[in-house]
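I have placed the structure first, in the form of structure tokens, so that the comments after it can refer back to it.
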Amino acid sequence: MLLLSSEDLPDGPGWIRELKLDGYRTIAFKTAGRIHLRSRNDKDFTGRYAQIVKALQPILDETVIDGEIVAVD
């Protein structure tokens, strides 16, 4: 899904606003006791983001998480 620019934003109780955080789209999965991080272009991010790998160790085998890796400063 792509964002569209607009002069006027919708308002009312049925609408919320969220910050758009830009980072690396990543699939995290655990199989045979090992965590793997892959980009949407199938690049290996596992070694690059060791802290995320460590944080995901408690998840169950055969779990898949689709997310975005971002740095918040």
Side-chain angles (χ1 to χ4, degrees):
M1 175 185 289
L2 297 177
L3 299 176
L4 299 174
S5 62
S6 174
E7 294 291 324
D8 300 310
L9 295 175
D11 202 7
W15 293 92
I16 62 170
R17 292 183 175 82
E18 297 178 347
L19 291 176
K20 169 67 172 99
L21 302 176
D22 209 10
Y24 293 110
R25 175 81 179 270
T26 306
I27 303 291
F29 60 96
K30 185 175 185 180
T31 188
R34 295 191 57 206
I35 300 290
H36 304 273
L37 303 177
R38 307 298 295 188
S39 76
R40 66 181 181 158
N41 297 325
D42 203 30
K43 293 181 181 176
D44 185 4
F45 284 170
T46 307
R48 187 172 184 181
Y49 297 105
Q51 288 180 310
I52 294 172
V53 170
K54 183 178 178 182
L56 293 175
Q57 283 300 325
I59 67 175
L60 298 175
D61 267 2
E62 308 313 318
T63 298
V64 177
I65 301 172
D66 179 11
E68 189 96 1
I69 296 176
V70 298
V72 180
D73 186 5

**Prompt:** Can you name the closest pair of heavy atoms from D61 and G33 and give their distance?
**Reply:** OD1-N, 2.9 Å
**Least distance between heavy atoms, A55 atom then P58 atom** = O-CD, 3.3 Å
**Prompt:** Between the side chain of T46 and the main-chain N/O of D44, is any donor-acceptor distance below 3.5 Å?
**Reply:** no
**Request:** Return yes if some donor-acceptor pair links the side-chain N/O of N41 with the main-chain N/O of K43 below 3.5 Å, else return no.
**Result:** no
**Asked** Measuring from K54:NZ to L56:CG, what's the distance to the nearest 0.5 Å?
**Response** 12.5 Å
**Prompt:** What is the distance from atom CG of D22 to atom CD of E68, rounded to the nearest 0.5 Å?
**Reply:** 6.5 Å
**Item:** Derivation of the side-chain contact (heavy atoms from CB on, under 4.5 Å) call for R25 and D66
**Value:** CA-CA 8 Å; R25 175 81 179 270; D66 179 11; 2.7 Å; yes
**Prompt:** Does any donor atom in the side chain of T31 or E62 lie under 3.5 Å from an acceptor atom in the other side chain?
**Reply:** yes
Shared hydrophobic cluster, [X] / [Y] (ILVMFWY, side-chain heavy atoms < 4.5 Å):
X   : Y   : answer
I69 : I35 : yes
V53 : I59 : yes
L19 : V72 : yes

**Asked** Crowded around L9 CG? As in, over 12 foreign heavy atoms under 6.0 Å?
**Response** yes
**Item:** Qualifying residue for side-chain contact (heavy atoms from CB on, under 4.5 Å) with T26, from I65, I52, L37
**Value:** L37
**Asked** Does a side-chain heavy-atom distance below 4.5 Å link D11 with R17?
**Response** yes
**Request:** Measure up the Y24 and F45 rings against each other and bin them: parallel (under 30°), tilted (30 to 60°), perpendicular (over 60°).
**Result:** perpendicular
